[in-house]
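Inspection log for the structure reproduced underneath, given as structure tokens.
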Amino acid sequence: MDLNNVLDFPILSLSIFLPTIGALIIWLFVRGDNAVRWATLAVSVLTFIVTLPLALSFDTSTAHMQFEEFHPWISAFNVNYQLGVDGISMPFIILTSLLTVICIVSAWQCIQTRVKEYMLSFLILETTLIGVFSALDAILFYFFWEAMLIPMYLIIGIWGGKNRVYATIKFFLYTLAGSVLMLVAVLAMYFKAGHTFSLLAFMDYPFDFTWQFWIWIAFFIAFAVKVPMWPVHTWLPDAHTEAPTAGSVILAGILLKMGAYGFLRFSLPMLPDASQYFVPFVVLLSLIAIVYISLVAMMQTDLKRLIAYSSIAHMGFVTLGAFMFTQVAMEGALFGMISHGFVAAALFLCVGVMYDRLHTREISAYGGVANVMPVFAAVVVLFAMANVALPGASSFVAEIMVLIGTFETSAVAQAHLPFSMKWVAIVATISVVLSACYTLWMVKRVIFGDVDKASVASMKDMNKREFGYFVPLILLVIWLGLYPAPVLDVMHASVTHLISQSAATKLDAAAALAQAAPVAEAMHH
């Protein structure tokens, strides 16, 4: 049954606001920490169930927006409540709703202070994240993009580590600085494109190159901070280190994807000529992230910082694939974002399991964990292998697609590069070895070897609750590694359309529009 056409139900609005409505009910009527936990879990599970029809009734044959909703909001400025999803945005809504459930379960015992506030922060955060991936109006998008800062600020700033205030302020300032430039760019497009904030209208409007150039830079800074790309990445390791486990899960699993999603939703389709012009710049920064940040990860002594730097390196593959203008590379980048959401989330959860027992993230504090926690050790090794893109894991599919797509560079990307993209692909391929080095070295020092510390000898293996929230991640990483077709099929039509937009030019239409403007004005007078 096609819920989109038959029921005509505002499923996106329900997906967005159900967590906030649930949070309000819990805040007003639910008492007791345990009751709050169960009520929050119920709301998050219900939200996940509500989002499932987006995938189950999604039409994979079209690139058009689906499940659209439109209502006037601020009519004086043509700001509208406009929602819709395509094959690029829909998977991230499912990812968000699933990881929120896992975050709630993972924090069941480790959060003992201000439990209600903590749980409600995650529900409100879920609203903002689903809103970002659903919004088709630039002001609505910006509203959700900025609103996300509030619950994330509280999650890190209240329940984080001893340096949480420093990490929170740094995270807030970096993100806010980029967001201000995004707002300036949106307003510039609004006045240039005929007083509209519609993202679909922005994609169709022929901006001339000067406008594209400066707007692209403003968007780039905003999205690069969120990815994060080198050199605006330094906030991420600090935020991860100080955030509670569930905060790191949602940060790595969803928030980093918002920046790459911004490139795909704004920069490439709206500003194609500027995007092509800046290909060498993006390629260079992506390679630095892949190679240099991998070397930095090898030097880390803190488990969370190592995984945080690993995330930056893996997102380098995403930005590289996104700007190759080939079907396989762009789909690989999108698939990599989904895969990284599962793998990075699982690795941070693994750190959380160990931290709950020894209250330290230092690699040197462990060793021989497999001897006392065999089930947990098996889970760690599985996700470590996924992190190095072992065949059979979802990350292998993503990285091999990006590398193939880079070798088979489109004429559009190659035309703007002073060197062959095959060299870029070779460097990126070699850097995969670096990922294996720091990941396997971490596993060797933490999981294997003899138990020579009394604290490690006293560790207990995972309980049923802990193992339970790893199960869906294990199944998804293996399933998508062996059979990625269902997700790739969802993306295919939308990516094809995006490539046709980003590989085209708006300059001819912009020139024609500029020539016609004086004539139209004269006729008007």
Item checked: Salt bridge flag under 4.0 Å for residues E466 and R357 ->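 Judged by the 4.0 Å cut-off on N to carboxylate O distance, E466 and R357 do form a salt bridge.
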Margin query: As a quick check of understanding, evaluate side-chain contact (heavy atoms from CB on, under 4.5 Å) for I290 and F317, giving each step before the final call.
Written below: CA-CA 7 Å; I290 294 170; F317 274 96; 3.8 Å; yes
Quick check: are there more than 12 heavy atoms from other residues, nucleotides or ligands sitting under 6.0 Å from [atom1] of [X]?
| X | atom1 | answer |
| --- | --- | --- |
| W73 | CH2 | yes |
| F143 | CZ | no |
| F467 | CZ | no |

Locate the shortest heavy-atom distance separating [X] from [Y]; write the atom from each residue and the value.
| X | Y | answer |
| --- | --- | --- |
| Q109 | R465 | OE1-NH2, 3.4 Å |
| S267 | F219 | OG-CB, 4.0 Å |
| K162 | E242 | N-OE1, 3.3 Å |
| G352 | T245 | CA-OG1, 3.3 Å |
| K453 | A365 | CD-O, 3.3 Å |
| I155 | P244 | O-CD, 3.5 Å |

Within a strict 4.5 Å, meaning less than it, do heavy atoms of the [X] and [Y] side chains meet?
| X | Y | value |
| --- | --- | --- |
| V105 | R37 | no |
| L129 | F92 | no |
| S106 | V249 | no |
| L140 | Q82 | no |
| M119 | L41 | no |
| T128 | L125 | yes |
| H314 | E399 | yes |
| W230 | I312 | no |

Within this structure, what is the [atom1]-[atom2] distance for the pair [X] and [Y], rounded to the nearest 0.5 Å?
| X | Y | atom1 | atom2 | value |
| --- | --- | --- | --- | --- |
| Y142 | M182 | OH | CE | 7.5 Å |
| H492 | T60 | NE2 | OG1 | 10.0 Å |
| Y174 | K226 | OH | NZ | 14.0 Å |
| I307 | N387 | CD1 | CG | 8.0 Å |
| L136 | N80 | CG | CG | 11.0 Å |
| M152 | L255 | CE | CG | 6.0 Å |

Next item on the list: Determine, step by step, whether T40 and I26 satisfy the side-chain contact (heavy atoms from CB on, under 4.5 Å) criterion, reporting the C-alpha distance in whole Å, the side-chain angles of both residues, the deciding distance to 0.1 Å, and the verdict.
Entry: CA-CA 8 Å; T40 306; I26 294 170; 3.7 Å; yes
Can you confirm whether the side chains of [X] and [Y] place a donor and an acceptor under 3.5 Å from each other?
| X | Y | result |
| --- | --- | --- |
| D238 | T241 | no |
| E126 | S44 | no |
| Y118 | R114 | no |
| T51 | S15 | no |
| S311 | H340 | yes |
| T127 | T20 | yes |

Checklist line | Stepwise side-chain contact (heavy atoms from CB on, under 4.5 Å) check, F9 with L14 | finding: CA-CA 9 Å; F9 190 76; L14 183 61; 3.6 Å; yes
Checklist line | Chi angles and distances behind the side-chain contact (heavy atoms from CB on, under 4.5 Å) call for Y438, Q300 | finding: CA-CA 9 Å; Y438 63 73; Q300 300 307 306; over 6 Å; no
Donor-acceptor contact present, side-chain [X] to main-chain [Y], <3.5 Å:
| X | Y | answer |
| --- | --- | --- |
| E331 | V495 | no |
| S294 | S435 | no |
| K460 | M373 | no |
| S97 | I94 | yes |
| D302 | T360 | no |

Compute the ring centroids of [X] and [Y], then answer whether they are less than 6.0 Å apart.
| X | Y | answer |
| --- | --- | --- |
| F266 | F141 | yes |
| F263 | F220 | yes |
| F171 | W235 | yes |

Next item on the list: Anything under 30° is parallel, anything over 60° is perpendicular, the rest tilted; go ahead and classify F172 against Y153.
Entry: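 Ring orientation of F172 relative to Y153: perpendicular.
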Note to self: Consider side chain to side chain contact (heavy atoms under 4.5 Å, CB included). Of V380, V456, L303, which one does M354 pass it with?
What the structure shows: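 For M354, the side chain to side chain contact (heavy atoms under 4.5 Å, CB included) test succeeds with only one of V380, V456, L303, which is L303.
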Check: Which of these passes side chain to side chain contact (heavy atoms under 4.5 Å, CB included) with I88: M491, R265, M330, M337?
Finding: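 Of all the options given, the one that passes is R265.
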